[in-house]
A.B. asks: 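Have a look at the structure that comes next, please.
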Amino acid sequence: MDDQLPEKTPFVKEIPRKADDLSEWYQAVCYKAELVSLSPVRGCVVLRPYGYGLWERLQSELDARFKATGHENAYFPLLIPESLLMREAEHVEGFAPEVAWVTQGGNEKLAERLAIRPTSEVIIGTMYAEWVQSYRDLPILINQWANVMRWEKRTRPFLRTLEFLWQEGHTAHETQAEAAAEVAQMLEVYKEVAEDIVGVPVYKGEKSVSERFAGADHTYSIEALMPDGKALQAGTSHELGQNFARAYDITFAGRDQTQQHAWTTSWGMSWRMLGALIMVHGDDQGLRIPPKMAPVEVVIVPIARGDSTVASDFAKVLHAQLRPQFRVKLDDRDLRPGNKYADWDLRGVPLRIVIGERDLAEGKVTVVRRDFPPKTAGREVAVAIGDVAATLRELLVDIQANLYAQARTFLHDHTFAPATREEFVAKAKGRAGMLDIPWCDRAECEAAIKEQTSATTRNLRTPALGPVCLACGEPARVQAYVAQSY
RNA sequence: CGGGACGUAGCUCAGCUUGGUAGAGCGCUGCGUUUGGGACGCAGAAGUCGCAGGUUCAAAUCCUGUCGUCCCGACCA
């Protein structure tokens with residue numbers, strides 16, 4: 001394929017090269033870096049400790065922002081009675097093909113089937129109906145960390161599994177304006193976490209009618225671009241209008257003494273975000289984790305020499321020193337250093353401190369950054385022992401910035417504003433990336449685009465940057481990002 | 001759910017065409033020498049060949065079914 005590169009990447013024997021086959025590379029990284037394991041259940045994965053570490057990082061960053069914006073965590077049941085689910089017609093219709101059902105408890109068949117939640121608007125709305133009496137009870141700002149289940153046909157680790165972990169925020173407000181502000185605020189939180197923490201640049205916008213959440217008035221998303229030119233929806237925020245309030249009787253006595261329906265919202269981000277992290281930042285050596293997301297920021301590898309314990313003794317001291325300030329791990333396994341390097345490279349640890357007697361004699365250690373390719377100038381630096389903590393701090397900031405910058409460059413280089421319909425179709429078919437076009441905002445047009453190119457609108461914004469729809473020639477109403485999607 | 005491919009040791013795979021009772025490399029265990037980018041020597045362990053039927057004296061190999069995985073589509077936050 002690429003005859004510039006050697007047959008095999010010298011440092012990696014565990015995984016194929018990323019550019020050769022993204023899908024195989026992705027799966028190999030997920031399994032070999034011990035993020036997930038396939039389980040005996042079709043379409044379900046086990047999230048292993050290192051993968052769970054990533055999830056915990058994402059959780060804590062999101063959770064802190066939810067709290068800062070006035071939300072509280074709560075937990076609602078996994079099972080939803082069928083009759084309850086049926087109340088919001090569009091919602092049911094949208095989710096029906098993906099719902100898993102419990103039909104039996106113990107040895108007895110249930111009188112009413114119970115849905116395993118594909119999302120929790122229904123059960124939460126039902127409870128809100130009980131809790132809300134007056135405008136004084138609003139807003140309700142609740143988030144839940146949970147698992148959900150959607151019976152998908154085709155699955156892949158993180159991106160689409162039957163059961164997945166996510167958070168779902170559910171709020172109820174007195175006015176539409178408040179609900180709209182909430183939805184915008186949380187979408188911005190997602191963008192901030194995606195970009196500043198996960199290092200994945202995204203485009204914000206509103207979903208088209210056909211891509212909208214079942215039962216919502218407006219759905220907004222952040223969309224990231226993967227290396228194969230396909231887009232990945234990484235977070236969504238929905239204005240549910242009064243639809244769910246009507247279906248589930250969330251009513252309150254308003255300031256004007258009239259009985260009113262609340263305005264509700266919901267918003268979610270899942271472990272799919274980790275799939276974006278893996279694909280966007282990873283390289284031929286494996287994962288490259290942005291420091292803010294790294295379960296281990298720094299790994300210390302002592303180099304043994306004969307019977308001397310000088311290096312390993314110092315490594316223990318340094319480890320103890322750094323521990324309060326960094327997520328640092330001492331790798332004192334009985335392995336040769338090269339094995340450890342390859343191992344931590346695969347796992348994407350941002351920084352490695354190599355401690356050898358040669359450096360120690362000069363009062364130094366070697367610090368190696370993961371984001372630079374092997375044999376790149378500046379990848380390894382000798383650091384005076386007294387400066388280690390400060391250097392690590394600087395490098396972690398720099399790595400975070402560098403990974404984001406690389407991803408942003410890729411996104412910009414693969415975002416196109418086609419000049420003609422022909423160019424648009426060719427680029428859409430060829431998975432060139434995000435196609436930024438003036439669009440008519442008509443479902444028929446979107447269906448035609450999909451038919452011809454298998455791409456769809458990812459999200460929309462206003463105003464349109466041209467007079468006519470690039471796909472069909474009708475008057476343009478919005479500006480759309482179009483791409484094939486995961 | 002349609003089309004295609006594949007399930008053999010922890011991993012990557014050979015063996016199947018032409019049936020005769022299972023192999024390699026890496027990894028793993030022990031000992032020793034080693035240790036600045038995936039070490040070497042010696043010794044060793046490890047597989048109901050995805051599962052269930054069938055054909056046959058005999059099945060990893062042939063046939064049927066089933067489950068799972070991957071790819072392309074359809075569907076899908």
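Hydrogens, waters and symmetry mates play no part in the numbers below; they use all other heavy atoms, side chains included. Every chain is numbered from 1, with letters handed out A, B, ... down the list of sequences. Nothing here was measured: the structure is a model prediction, and the numbers come from that model.
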A.B. asks: Quiz question: going by heavy-atom distance under 3.5 Å, is there a donor-acceptor pair between the base of B:G38 and the side chain of A:Asp343?
C.D. replies: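 A donor-acceptor contact between them is absent.
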A.B. asks: Which class fits the ring pair A:Trp267 and A:His71: parallel under 30°, tilted 30 to 60°, perpendicular over 60°?
C.D. replies: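 Because their plane-to-plane angle is over 60°, the rings of A:Trp267 and A:His71 count as perpendicular.
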A.B. asks: For the residue pair A:Trp145 and A:Phe66, does the interplanar ring angle fall in the parallel (under 30°), tilted (30 to 60°) or perpendicular (over 60°) class?
C.D. replies: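 A:Trp145 vs A:Phe66 ring planes: tilted.
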A.B. asks: I need the full list of ring pair (Phe, Tyr, Trp, His ring centres under 6.0 Å) pairs touching residues 337-375 of chain A, with sequence neighbours left out, sorted by first then second residue.
C.D. replies: none
A.B. asks: Do any side-chain atoms of residues 49-60 of chain A form donor-acceptor pairs under 3.5 angstrom with protein atoms, and if so which ones, sequence neighbours left out?
C.D. replies:
residue : atom : partner  : partner atom : Å
A:Tyr50 : OH   : A:Arg347 : O            : 2.7
A:Arg57 : NE   : A:Lys292 : O            : 2.9
A:Arg57 : NH1  : A:Ser60  : OG           : 3.3
A:Arg57 : NH2  : A:Glu61  : OE2          : 2.8
A:Arg57 : NH2  : A:Lys292 : O            : 2.9
A:Ser60 : OG   : A:Glu56  : O            : 3.4
A:Ser60 : OG   : A:Arg57  : O            : 3.2

A.B. asks: If you assign A:Glu152 and A:Val368 each to the RNA chain B nucleotide with the nearest heavy atom, which residue ends up on the more 5' nucleotide?
C.D. replies: A:Val368
A.B. asks: Rounding to the closest angstrom, what is the interatomic distance between B:C67 and B:C28 at atom P?
C.D. replies: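 Comparing P positions in B:C67 and B:C28 gives a spacing of 37 Å.
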A.B. asks: Measuring to OP1 and OP2 of B:G37, would you say a side-chain N or O of A:Arg352 lies under 4.0 angstrom away?
C.D. replies: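 Answer no for this pair, as no side-chain N or O of A:Arg352 is under 4.0 Å from OP1 or OP2.
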A.B. asks: Carefully, step by step, assess A:Leu35 and A:Phe158 under the rule side chain to side chain contact (heavy atoms under 4.5 Å, CB included).
C.D. replies: CA-CA 10 Å; A:Leu35 302 178; A:Phe158 295 118; 4.2 Å; yes
A.B. asks: Counting only side-chain N and O atoms of A:Arg336, is one of them less than 4.0 Å from OP1 or OP2 of B:A39?
C.D. replies: yes
A.B. asks: If you restrict it to nitrogen or oxygen atoms, what contacts under 3.5 Å exist between nucleotides 40-45 of chain B and the protein, and what is each distance?
C.D. replies:
none

A.B. asks: Within 45° of the ring axis of A:Tyr190 and under 6.0 Å from its six-membered ring centre, is that where the NZ or CZ of A:Arg65 lies?
C.D. replies: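 Judged by the rule, A:Arg65 and A:Tyr190 form no cation-pi pair.
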A.B. asks: Give none if B:C11 has no partner; otherwise give the nucleotide forming a Watson-Crick or G-U wobble pair with it, both distances under 3.5 Å.
C.D. replies: B:G25
A.B. asks: Begin from the C-alpha positions of A:Leu78 and A:Asn147 and carry the test side chain to side chain contact (heavy atoms under 4.5 Å, CB included) through to its verdict.
C.D. replies: CA-CA 8 Å; A:Leu78 171 73; A:Asn147 57 339; 4.1 Å; yes
A.B. asks: Can you tell me the pairing partner of B:U64 across any strand shown, Watson-Crick or G-U wobble, with both distances under 3.5 angstrom?
C.D. replies: B:A52
A.B. asks: What integer number of Å spans the P atoms of B:C6 and B:G27?
C.D. replies: 29 Å
A.B. asks: What protein N or O atoms touch nucleotides 8-12 of chain B N or O atoms at under 3.5 angstrom, if any, and at what distances?
C.D. replies:
residue : atom : partner : partner atom : Å
B:C11   : O2'  : A:Lys32 : NZ           : 2.7

A.B. asks: In whole angstrom, give me the gap between the P atoms of B:G50 and B:A9.
C.D. replies: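 Pairwise P distance, B:G50 against B:A9, rounds to 8 Å.
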A.B. asks: Taking B:C49 as the reference, what is the distance to B:G2 when you measure between their C1' atoms (whole Å, please)?
C.D. replies: 30 Å
A.B. asks: On a whole-Å scale, what distance lies between the P atoms belonging to B:G7 and B:U61?
C.D. replies: 12 Å
A.B. asks: Take A:Glu223 and A:Lys207 through the test salt bridge (charged side-chain N to carboxylate O under 4.0 Å, His left out) and record every step on the way to the result.
C.D. replies: CA-CA 10 Å; A:Glu223 303 279 335; A:Lys207 284 293 197 182; 2.7 Å; yes
A.B. asks: Whole Å only: how far is the CD1 atom of A:Ile303 from the C1' atom of B:U34?
C.D. replies: 13 Å
A.B. asks: Do A:Arg150 and A:Trp166 meet the cation-pi criteria used here (NZ or CZ under 6.0 Å from the six-membered ring centre, within 45° of the axis)?
C.D. replies: yes
A.B. asks: Could you tell me which nucleotide pairs with B:A77 by Watson-Crick or G-U wobble geometry, both distances under 3.5 Å, or answer none if nothing does?
C.D. replies: none
A.B. asks: My understanding is that a pair needs two contacts under 3.5 Å, Watson-Crick or G-U wobble. By that rule, which nucleotide pairs with B:C70?
C.D. replies: B:G4
A.B. asks: Each nucleotide in nucleotides 67-74 of chain B should get exactly one letter: B, S or -. Can you fill that in based on protein heavy atoms under 4.0 Å?
C.D. replies: -SSSSB-B
A.B. asks: Looking at A:Arg352 and A:Asp343, is there a salt bridge between them, counting it only when a charged N and a carboxylate O are closer than 4.0 Å?
C.D. replies: no
A.B. asks: Which residues in residues 264-272 of chain A have a heavy atom closer than 4.0 Å to any atom of RNA chain B?
C.D. replies: A:Ser270, A:Arg272
A.B. asks: Take A:Val328 and A:Leu392, measure what side chain to side chain contact (heavy atoms under 4.5 Å, CB included) needs, and give me the verdict at the end.
C.D. replies: CA-CA 11 Å; A:Val328 57; A:Leu392 295 180; over 6 Å; no
A.B. asks: Looking only at atom C1', what distance separates B:A60 and B:A14, rounded to whole Å?
C.D. replies: 12 Å
A.B. asks: What distance, rounded to whole Å, do you find between the two P atoms, one in B:G44 and one in B:G36?
C.D. replies: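 It comes out at 29 Å once rounded to the nearest Å.
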A.B. asks: By nearest heavy atom, map A:Phe164 and A:Val365 onto RNA chain B; which one lands nearer the 5' end?
C.D. replies: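 Result: A:Val365.
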A.B. asks: Mind checking who B:C42 pairs with, Watson-Crick or G-U wobble, both distances under 3.5 Å?
C.D. replies: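 Checking every strand shown, B:C42 finds its partner in B:G30, with both distances under 3.5 Å.
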A.B. asks: How far, in whole Å, is B:U33 from B:A52 if one measures between their P atoms?
C.D. replies: 49 Å
A.B. asks: Side-chain N or O of A:Asn339 less than 4.0 angstrom from OP1 or OP2 on B:A39?
C.D. replies: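 Affirmative; the distance criterion is met.
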A.B. asks: Run the numbers on A:Arg305 and A:Glu357 for salt bridge (charged side-chain N to carboxylate O under 4.0 Å, His left out), then give the verdict.
C.D. replies: CA-CA 8 Å; A:Arg305 193 169 275 282; A:Glu357 290 190 21; 5.4 Å; no
